[in-house]
Novice: 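The structure that follows is given in the form of structure tokens.
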Protein chains: 2
Amino acid sequence: MTGQVRTVDGRVAGRRGQATRQKLLDCLSEMLSSSPYRDVKVIDVARKAGTSPATFYQYFPDVEGAVLEIAEQMATEGAGLTQLLDGRSWVGKAGWQTSQELVEGFLEFWRKNDAILRVVDLGAAEGDKRFYKLRMKILNSVNNSLTDTVKELQAKGKVDKDVNPAAMAGSLVAMLAAVASHQRGFQTWGVKQAELKPNLALLVHLGVTGKKPTK
Amino acid sequence: MTGQVRTVDGRVAGRRGQATRQKLLDCLSEMLSSSPYRDVKVIDVARKAGTSPATFYQYFPDVEGAVLEIAEQMATEGAGLTQLLDGRSWVGKAGWQTSQELVEGFLEFWRKNDAILRVVDLGAAEGDKRFYKLRMKILNSVNNSLTDTVKELQAKGKVDKDVNPAAMAGSLVAMLAAVASHQRGFQTWGVKQAELKPNLALLVHLGVTGKKPTK
DNA sequence: ACCTGTCCTGTCATGCCGTCAGCTTACCGA
DNA sequence: TCGGTAAGCTGACGGCATGACAGGACAGGT
């Protein structure tokens, strides 16, 4: 049950319809990366897709609806971020490696989808539950995994008892997301990508294990 | 030279004009916290302020212009965040205290101005230089101070040479800002405010000094 | 009372929104 | 081959926000 694609008025979308729908999504996605969210107009998206506004409204209730769609696609893709943590070690040099790869993968994912992630972030911050859930879905894989890691280390007595695993993991993930979406900002600040990553990795390692990494 | 307040068409604003202007700003500010940025309309702001859209356009070129104005006010106010760090110690128990107070003050400031800060964040992330500069202005006080602290500790050999002070400070500040703007999010995640703060403080302390705090 | 410059609004052209009825196109079974 | 049916698309329209302007209301000074 993948849930058939339907138009707003209930018709099931066929071959051609789905193509148009997808084209609209692609164009919207492109517009989001070239102009402010606030200024994205349905008519522009439609024109760019070589169709009319009315067609847009056949497939999406409004711009927000379409954005949610794009974000949903991205979210499932983003579940792959779990790979960055599944079965990795946090001990010794391997721990440092894990930390670095997490940062690397995370920033890469964010850079690839920055336009849509900005909008999701805003929606979530504004308290919209749908966007909030979506943001969770994306971050949860990483977050849960980190939380578990901290819990384990805590059980072994390697991390202080008064650390709250969920809070720690959440903070680290939030940090990664924030830095990722302001990557350009750091450059103007005089900090280069290459210098940023190891510092982030260091913070992640410190946060998770409570110790400096062995390099 | 505070730079006289002027209308869009160049007249200097008098007593009454400034009052109206301020009222518009207040109403806009209020609207921003109750509805999505994308849906804030000039006409609503004007109505709420008991005036007409035309009046709004006499004082501001558009909604964005007014937002920048509000943000500017907040930015100067936010320079006070420096207090949280000026002349504080990062050694021993005092260091833990400093870290905690920084987190506390930062979150408080963010909570107080969350609506407008969201918009600034979005604008900055979208690459708008004006918003970007504003964000810098707000964060710079804290950021510079943290950078200096790390540099000092590094000079004394208490922090690893391969830590980049600016990158570290920037990451920590970004983390604080991100967590602050998703405070509600954490609650739904099952993390309570009271648990969040000490964990953030711990991360800040770890990042700045490289060591666990003495409590 | 009069003048001057500030302040506000009625009004208007423009352009986007969101909807509908109706036309075209593709598919399918007889 | 030929309708029939459902999918797919669009022109057109009322409604509303935008942004500009001219002109009227108002306050303060003389």
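The basis for the numbers below is simple: all heavy atoms, side chains too, and nothing from hydrogens, waters or symmetry mates. Predicted model, so just to flag it, every value in this text is computed and none were measured. Per chain, numbering begins at 1; letters A, B, ... match sequence-line order.
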Novice: Compare the minimum distances between each of C/dC17, D/dC9, D/dA17 and the side chain of A/Arg11, then state the nucleotide with the smallest one.
Specialist: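 Closest nucleotide among those given: D/dC9.
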Novice: Nearest-Å distance, OH (A/Tyr59) to C1' (C/dG18)?
Specialist: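 The answer, rounded to whole Å, is 17 Å.
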Novice: Rounded to whole angstroms, how far apart are NZ on A/Lys23 and P on D/dG8?
Specialist: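 From A/Lys23 NZ to D/dG8 P: 16 Å.
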Novice: Counting side-chain heavy atoms from C-beta on, which of D/dA7, D/dT18, C/dT9 comes nearest to B/Ala54?
Specialist: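 Side chain of B/Ala54 sits closest to C/dT9.
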Novice: Round to the nearest Å and state the distance from A/Met31 atom CE to C/dC16 atom C1'.
Specialist: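 For the pair A/Met31 CE and C/dC16 C1', the rounded distance is 14 Å.
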Novice: Apply the side-chain contact (heavy atoms from CB on, under 4.5 Å) test between B/Leu28 and each candidate in B/Val42, B/Ile116, B/Ile70; give the one that qualifies.
Specialist: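 Option passing the side-chain contact (heavy atoms from CB on, under 4.5 Å) with B/Leu28: B/Ile70.
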Novice: Counting only side-chain N and O atoms of B/Thr51, is one of them less than 4.0 Å from OP1 or OP2 of C/dT9?
Specialist: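 B/Thr51 to C/dT9 OP1/OP2: side-chain N or O found under 4.0 Å.
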Novice: With a cut-off of less than 4.0 Å, is there a side-chain N or O of B/Thr55 near OP1 or OP2 of C/dT9?
Specialist: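 Result: yes.
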Novice: Starting from C1' on D/dA12, measure out to OH on A/Tyr57 and report it in whole angstrom.
Specialist: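 Rounded to whole Å, this separation is 15 Å.
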Novice: Would you kindly compare B/Thr20 and B/Arg38 by the position of their nearest DNA chain C nucleotide and give the one closer to the 5′ end?
Specialist: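 Nearest nucleotide further toward 5': that of B/Thr20.
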Novice: With respect to the side chain of A/Val12, which nucleotide from C/dC7, C/dC16, D/dA7 is positioned closest?
Specialist: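 For the A/Val12 side chain, the nearest candidate turns out to be D/dA7.
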Novice: Expressed as a whole number of angstroms, how long is the span from A/Arg21:CZ to D/dA7:P?
Specialist: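 Those two atoms, CZ and P, are 15 Å apart.
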Novice: CG of A/Asp44 versus P of C/dC17: gap in Å, rounded?
Specialist: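 Taking atom P of C/dC17 as the reference, CG of A/Asp44 is at 8 Å.
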Novice: Nearest to the side chain of A/Ser52, which nucleotide is it out of D/dG8, D/dT10, D/dA20?
Specialist: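 The answer is D/dT10.
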Novice: Could you check whether B/Lys23 pairs with B/Asp26 (Lys NZ or Arg NE/NH1/NH2 to Asp/Glu carboxylate O, under 4.0 Å)?
Specialist: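 Judged by the 4.0 Å cut-off on N to carboxylate O distance, B/Lys23 and B/Asp26 do not form a salt bridge.
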Novice: Please state how far atom CD in A/Gln18 lies from atom P in D/dG8, giving the value in whole angstrom units.
Specialist: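 Those two atoms, CD and P, are 8 Å apart.
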Novice: Between B/Phe56 and B/Phe60, what is the ring plane arrangement, given parallel below 30°, perpendicular above 60°, and tilted in between?
Specialist: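 Ring orientation, 0 to 90° scale: tilted.
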Novice: Using 0.5 Å steps for rounding, measure from the CG atom of A/Asn144 to the CG atom of A/Asn140.
Specialist: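 Atom-to-atom, A/Asn144:CG and A/Asn140:CG are 4.5 Å apart.
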Novice: Mapping A/Lys41 and B/Phe56 onto DNA chain C by nearest heavy atom, which one lands closer to the 5' end?
Specialist: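 Checking each residue's closest nucleotide, the 5'-ward one belongs to B/Phe56.
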Novice: Compare all side-chain heavy atoms of B/Phe109 with those of B/Ile138 and state whether any distance is below 4.5 angstrom.
Specialist: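 SC-SC contact between B/Phe109 and B/Ile138 confirmed.
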Novice: I need the CD-P distance between B/Gln58 and C/dG5, as an integer number of Å.
Specialist: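 It works out to 16 Å between those atoms.
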Novice: Between C/dC17, C/dC8, D/dA17, which one does the side chain of B/Ile43 approach most closely?
Specialist: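 The answer is D/dA17, which lies nearest to the side chain.
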Novice: Indicate, with a heavy-atom threshold strictly under 4.0 Å, whether B/Arg16 touches base, sugar-phosphate, or nothing.
Specialist: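 Contact class for B/Arg16: sugar-phosphate only.
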